[in-house]
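Okay, structure first, notes after.
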Protein chains: 2
Amino acid sequence: MSSVRPPLDRDTVLTAAIALADEVGLGGLSMRRLGQALGVTPMALYKHVANREELIDVMVERIVAGFDVPIQDDDWRRELRARILAARAATARHAWVRTAIETRRMAGDAVLSHMDALMGAMFRGGLSADLVHHAMHALSTRMWGFTRDVMPTPSLPADVSKRAAALAAYAEAYPAIVRMASTGSHAGADCDEEAEFVFALDILLEGFERLHHAGWRSESNA
Amino acid sequence: MSSVRPPLDRDTVLTAAIALADEVGLGGLSMRRLGQALGVTPMALYKHVANREELIDVMVERIVAGFDVPIQDDDWRRELRARILAARAATARHAWVRTAIETRRMAGDAVLSHMDALMGAMFRGGLSADLVHHAMHALSTRMWGFTRDVMPTPSLPADVSKRAAALAAYAEAYPAIVRMASTGSHAGADCDEEAEFVFALDILLEGFERLHHAGWRSESNA
DNA sequence: CAGCTTAGGTATACGCTGTATATATGTCAA
DNA sequence: TTGACATATATACAGCGTATACCTAAGCTG
């Protein structure tokens with residue numbers, strides 16, 4: 001029975017790990033569970049992967065490598081935008097990638113390539129090394145296509161009779177929050193994440209461009 | 001000997017937990033280790049705290065509650081800036097807070113108060129609910145005074161003779177990265193985190209103000 | 001063909017985690 | 001004095017990553 005299964009290889013492990021993480025999240029991805037999914041002892045995985053941390057490293061690399069569609073644009077700002085939105089599209093399909101990227105301690109090839117592509121576009125646009133450097137920091141995780149959500153706020157009680165009282169107490173303690181939540185289409189649950197992401201991204205890109213044209217230099221380089 | 005120790009209370013546990021997390025990080029903060037630090041069985045902690053997750057909740061609350069210095073300013077932008085920099089000062093003293101905040105699933109009182117204060121300043125400045133909403137998302141974790149660092153890039157080999165070759169290979173694969181790293185004062189290690197943070201924050205704040213004056217509205221509210 | 005090497009998989013075990021459950025102990029009220 | 005209650009303990013379970021030792025089958029070499 002076990003003789004039927006073809007031998008494992010690094011790629012099979014990697015693919016199964018990604019599929020499992022898609023299902024149960026990064027926390028649920030344990031070596032034991034992954035072994036089980038592959039019909040194999042947990043320790044078998046260590047023949048193909050150094051340890052769990054390295055496994056996650058290569059999972060990230062695999063996803064980030066998918067960013068690299070050939071985007072060329074004379075307008076550096078458009079290219080940056082397109083690359084970041086491509087990154088967003090790729091990471092959006094794997095919720096665990098957010099946490100995975102945030103916990104990596106060293107950049108791999110694909111990660112470096114993505115960063116290099118972003119910086120390359122800015123250099124071609126004529127931005128100074130100083131500005132490019134600051135821009136990369138300003139983008140932060142946004143360069144991978146995601147941002148940490150604002151922390152979820154408690155929702156009102158389901159019981160309609162208690163709803164009004166809760167809202168009143170709430171409004172007294174946190175007037176601005178309630179004002180925002182009760183104005184227009186800004187209820188917490190139905191945020192248009194995509195729009196929020198692009199909103200912030202465009203502010204940053206426009207800021208970079210504006211500083212570029214103004215001949216900005218950092219204080220340490222003044 | 002154990003009769004000498006005064007009885008534990010929630011506050012003592014909380015204080016010890018924060019001190020321990022300062023030392024060993026959030027990952028190193030285990031119930032067993034915290035119990036040991038307090039001279040107590042791990043299970044004793046559960047009389048004062050529901051579980052580890054709730055403990056971290058209140059740790060975050062304690063830190064965030066420290067933000068609330070009375071900052072009033074007629075200029076909404078200055079007030080926002082001051083509040084966020086106050087948050088940064090408070091979180092900077094506790095490295096674990098970054099991870100802790102990012103993993104919280106529900107906002108507590110102090111967290112809500114901080115958010116309310118930020119939004120209140122913007123409302124007093126005349127910004128629309130629509131814009132306030134988008135601005136909060138754009139700030140993201142930056143409203144807590146931190147950002148995820150750009151992923152560390154590999155450093156060159158210490159051996160001087162191999163250094164040049166490594167740099168050359170590196171430059172071919174990632175020209176823009178090397179160009180930036182070798183221009184001016186942008187070596188990876190000696191980034192001025194404070195300056196980077198303020199740089200991005202000011203771009204965002206200026207963007208908000210600009211959109212406000214232009215009478216911006218989101219597409220969904222057009 | 002015999003024998004050895006080695007890659008791939010297994011079995012077992014260690015030390016760690018959070019925490020459920022049941023028990024003991026010490027303090028105060030009746 | 002007797003109970004009740006709050007607090008701390010002891011034990012135990014299921015899970016984790018992974019070090020170590022072993023086995024087994026394939027492939028190359030003499």
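The structure displayed is predicted, hence computed values, not measured ones. Chain letters run A, B, ... following the sequence lines, proteins first, then strands; residues in each count from 1.
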| field | Pair of N/O donor and acceptor under 3.5 Å linking dG15(D) base with Arg32(A) side chain | value | no

| said: Given the structure, check if the side chain of Lys47(B) and the base of dA8(D) hold any donor-acceptor pair shorter than 3.5 Å. | reply: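 Donor-acceptor pair under 3.5 Å: yes.
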
| field | Glu172(B), CD: over 12 other non-hydrogen atoms inside 6.0 angstrom | value | no

Specify the separation, in whole Å, of atom [atom1] of [X] and atom [atom2] of [N].
X	N	atom1	atom2	result
Leu34(A)	dC16(D)	CG	C1'	14 Å
Asp9(A)	dG9(C)	CG	C1'	14 Å
Arg33(B)	dG15(C)	CZ	C1'	14 Å
Leu45(A)	dC16(D)	CG	P	12 Å
Tyr46(A)	dA19(D)	OH	C1'	10 Å
Gln36(A)	dG9(C)	CD	C1'	16 Å
Met31(A)	dC14(C)	CE	P	21 Å
Glu53(A)	dT18(D)	CD	P	8 Å

| message | Using heavy-atom distances to pick each residue's nearest nucleotide on DNA chain D, tell me which of Gly28(A) and Ala44(B) is more 5'. | response |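 Nearer the 5' end of the strand: Ala44(B).
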
| Modelled atom types, side-chain donor and acceptor of Thr147(A) and Arg142(A), under 3.5 Å | yes

| query | Just checking, is any N or O donor in the side chain of Ser113(A) or Asp116(A) under 3.5 Å from an acceptor N or O on the other one? | reply |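 Note: Ser113(A) and Asp116(A) side chains miss the donor-acceptor criterion.
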
| task | Look at the side chain of Met43(A) and decide which nucleotide, out of dG17(D), dT9(D), dA19(D), has an atom nearest to it. | result | dA19(D)

| task | Could you check which of dA19(D), dT9(D), dT19(C) has an atom nearest any side-chain atom of Thr41(B)? | result | dT9(D)

| query | Under 4.0 Å between a side-chain N or O of His48(A) and OP1 or OP2 of dG9(C)? | reply |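 The answer is yes; a side-chain N or O of His48(A) sits under 4.0 Å from OP1 or OP2.
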
| Does Ser30(B) have a side-chain nitrogen or oxygen under 4.0 Å from the phosphate oxygens OP1 or OP2 of dT17(C)? |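 Answer is yes, contact under 4.0 Å.
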
| query | In Å and rounded to the nearest 0.5 Å, what is the NE2 to CE distance from His114(B) to Met119(B)? | reply |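 Reported value, rounded in 0.5 Å steps: 12.0 Å.
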
| Is it true that the NZ or CZ of Arg88(B) lies under 6.0 Å from the centre of Phe197(B)'s six-membered ring and within 45 degrees of the ring axis? |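 Yes, a cation-pi geometry.
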
